[in-house]
Amino acid sequence: MTQIRSVVLGCGSYLPEQVVTNAQLAARIDTSDEWIVQRTGIRERHVAAEGEFTSHLAIKAAQAALTDAGVDAQSIELIVLATSTPDNTFPATAVAVQHGLGINHGAAFDLQAVCSGFVFALATADNFLRTGAYKRALVIGAETFSRILDWNDRGTCVLFGDGAGAVVLEAQEQPGNAATDRGIVTTHLRSDGRHKAKLFVDGGPSSTQTVGHLRMEGREVFKHAVGMITDVIVDAFQATGLNADSINWFVPHQANKRIIDASAHKLHIAPEKVVLTVDRHGNTSAASIPLALAVARKDGRIKKGDLVLLEAMGGGFTWGSALVRW
């Protein structure tokens, strides 16, 4: 029996021009390149310029994805933008992106699941496309985390960067075989609000009437990360009958190299299948997976027909996985 799948037509990304190295941070706060690299694998990150907003990054990433897909912006009926750093409290930053692309039809909205945002947005768009509500969608992850960092807190400010990535999805009829169908094969999402205090921003319109700064209990986040990540990946394998050997590429959320390495090891995914960009981008939250996808597509690693495993974990806690055949 045939089945409608959300097929990736193209992907694109955008990084702000300004690069901040570990050495530059070490000149401002009590840290060092060796300390940062040893604990996180991060060597540099991009930071948005003054006056450069999340929507600006998202529009450029979306334009790159549309070009890669070879489709016109007017064919897009749905925009789902994952971000924790919107331009404004409202309206949704997705609406600014929609306007920036010259689109005035269909629907556009933001989705907030912190670092898991792109996987959550991908699953959301997938469900809209599979039901027939829309034919073609843009899924974007875009962040300007530099705006919510305490630049005197060496435990957090060294970890994050700014950027945006996007994919174009299209509803297509596939044979209905999870082992060979192109598109999003399965998604699995989880959340547990008991862990809020481990990773959060200490501000908001309703609570403090301020933007606030990111606060994190790094050891606690690390302790939970590997178990939660592998949990939803095992669910994906069980739902499809696939396994680690079936995977061509593992594209995880780029938060910390040690977490990525430990997750791949626990799942028996070979190191050469892991796409790593955390050294160049830092943790770009909802933007990290599509940024990594764009890198691996551009350098020729991810090819049509490849099975790609995505996973992420973020504040909340939220976590999720997606299996996508390119």
Side-chain angles (χ1 to χ4, degrees), residues 5 7-8 11 13 36-44 115-116 118-119 122-123 141 159 165 167 177-190 221-314 319-326:
R5 302 276 193 194
V7 174
V8 179
C11 66
S13 64
I36 298 169
V37 172
Q38 183 182 19
R39 286 162 177 78
T40 70
I42 299 169
R43 297 183 181 276
E44 61 185 32
C115 297
S116 304
F118 184 77
V119 174
L122 202 67
L159 303 177
V167 297
N177 184 345
T180 57
D181 282 0
R182 288 188 66 206
I184 298 173
V185 180
T186 190
T187 59
H188 297 267
L189 309 179
R190 301 282 186 274
V221 174
F222 188 96
K223 186 172 73 175
H224 286 83
V226 176
M228 289 178 168
I229 288 166
T230 54
D231 170 55
V232 285
I233 291 174
V234 169
D235 285 350
F237 289 157
Q238 290 177 342
T240 59
L242 301 169
N243 55 44
D245 293 335
S246 311
I247 302 304
N248 295 106
W249 298 104
F250 179 38
V251 185
H253 167 50
Q254 307 288 316
N256 183 303
K257 188 177 183 297
R258 289 195 298 165
I259 293 175
I260 293 170
D261 289 346
S263 301
H265 178 74
K266 187 173 180 179
L267 291 159
H268 306 291
I269 297 174
E272 58 269 21
K273 292 183 177 182
V274 182
V275 175
L276 278 172
T277 58
V278 68
D279 57 328
R280 291 165 279 169
H281 300 165
N283 182 347
T284 54
S285 189
S288 80
I289 288 176
L291 279 168
L293 282 172
V295 167
R297 272 292 290 157
K298 189 174 182 179
D299 66 22
R301 275 179 287 178
I302 296 178
K303 301 176 180 66
K304 184 177 178 179
D306 282 354
L307 186 63
V308 182
L309 172 62
L310 315 178
E311 62 77 10
M313 174 192 166
W319 62 105
S321 68
L323 273 175
V324 184
R325 189 172 295 282
W326 213 261

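Everything numeric in this text was worked out from a predicted model, so none of it was measured. Along the sequence shown, residues are numbered consecutively beginning with 1.
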Checklist line | Nearest non-hydrogen partners of Leu159 and Ile42, listed with the distance | finding: O-CD1, 3.3 Å
Margin query: To the closest 0.5 Å, what do you measure between CZ (Arg5) and CD1 (Ile184)?
Written below: 10.0 Å
Margin query: With side chain to side chain contact (heavy atoms under 4.5 Å, CB included) as the criterion, how do Arg190 and Asp231 come out once you've worked through the C-alpha distance, each side chain's angles and the decisive distance to 0.1 Å?
Written below: CA-CA 10 Å; Arg190 301 282 186 274; Asp231 170 55; 4.2 Å; yes
Check: Considering all heavy atoms of both residues, which atom of Met313 and which atom of Val221 are nearest to each other, and what is their separation?
Finding: CE-O, 4.1 Å
Note to self: To the closest 0.5 Å, what do you measure between OG (Ser13) and CZ (Arg297)?
What the structure shows: 12.5 Å
Checklist line | Straight-line distance of Leu307 CG to Asp181 CG, nearest 0.5 Å | finding: 11.0 Å
Next item on the list: Can you see which heavy atom on Thr186 is nearest to which on His188, and at what distance?
Entry: OG1-NE2, 2.9 Å
Item checked: Taking every non-hydrogen atom, the tightest pair across Asp306 and Asn248 -> CA-OD1, 3.3 Å
Next item on the list: Starting at CG of Asn283, measure out to NE2 of His281 and round the result to the nearest 0.5 Å.
Entry: 12.0 Å
Note to self: Taking NZ in Lys273 as the centre, count heavy atoms belonging to other residues, nucleotides or ligands within less than 6.0 Å. Is the count above 12?
What the structure shows: yes
Check: Got a second to check how far Arg258's CZ is from Phe222's CZ, nearest 0.5 Å?
Finding: 4.5 Å
Notebook entry, point to check: If you take all heavy atoms of Leu309 and Ile269, which pair is closest and at what distance?
Noted result: CD2-CD1, 3.9 Å
Item checked: 4.5 Å side-chain heavy-atom contact, Val308 and Val8 -> no
Next item on the list: Assess whether side chain to side chain contact (heavy atoms under 4.5 Å, CB included) is satisfied between Trp319 and Ile229, documenting all intermediate values.
Entry: CA-CA 7 Å; Trp319 62 105; Ile229 288 166; 5.6 Å; no
Margin query: Checking His253 against Ser288 for the side-chain hydrogen bond (donor to acceptor under 3.5 Å, both in side chains) test, could you report, in this order, the C-alpha distance in whole Å, the side-chain angles of both residues, the deciding distance, and whether it holds?
Written below: CA-CA 6 Å; His253 167 50; Ser288 80; 2.6 Å; yes
Note to self: What verdict does the side chain to side chain contact (heavy atoms under 4.5 Å, CB included) test give for Ile233 and Phe250, after you've listed the backbone C-alpha separation in whole Å, the side-chain angles of each residue and the deciding distance to 0.1 Å?
What the structure shows: CA-CA 11 Å; Ile233 291 174; Phe250 179 38; 4.0 Å; yes
Next item on the list: Starting at CG of Leu242, measure out to CD1 of Ile247 and round the result to the nearest 0.5 Å.
Entry: 6.5 Å
Checklist line | Atom CZ of Arg43: over 12 foreign heavy atoms under 6.0 Å | finding: no
Notebook entry, point to check: Of all heavy-atom pairs between Gly165 and Ala287, which one has the smallest distance, and what is that distance?
Noted result: N-CB, 4.3 Å
Check: Side chain of Arg325, backbone of Gly305: donor and acceptor closer than 3.5 Å?
Finding: yes
Next item on the list: Report yes or no: does Trp249 contribute a side-chain atom to a donor-acceptor pair with the main-chain N or O of Arg301 at less than 3.5 Å?
Entry: yes
Notebook entry, point to check: Does Ala178 offer a backbone N or O that forms a donor-acceptor pair with the side chain of Thr240 under 3.5 Å?
Noted result: no
Next item on the list: Using a 4.5 Å cut-off on heavy atoms from C-beta on, say whether the side chain of Val119 contacts that of Leu189.
Entry: yes
Notebook entry, point to check: Just wondering, do Trp326 and Leu293 contact through their side chains at under 4.5 Å, heavy atoms?
Noted result: yes
Next item on the list: Please lay out, stage by stage, how Gln254 and Leu276 fare under the test side chain to side chain contact (heavy atoms under 4.5 Å, CB included).
Entry: CA-CA 7 Å; Gln254 307 288 316; Leu276 278 172; 3.8 Å; yes
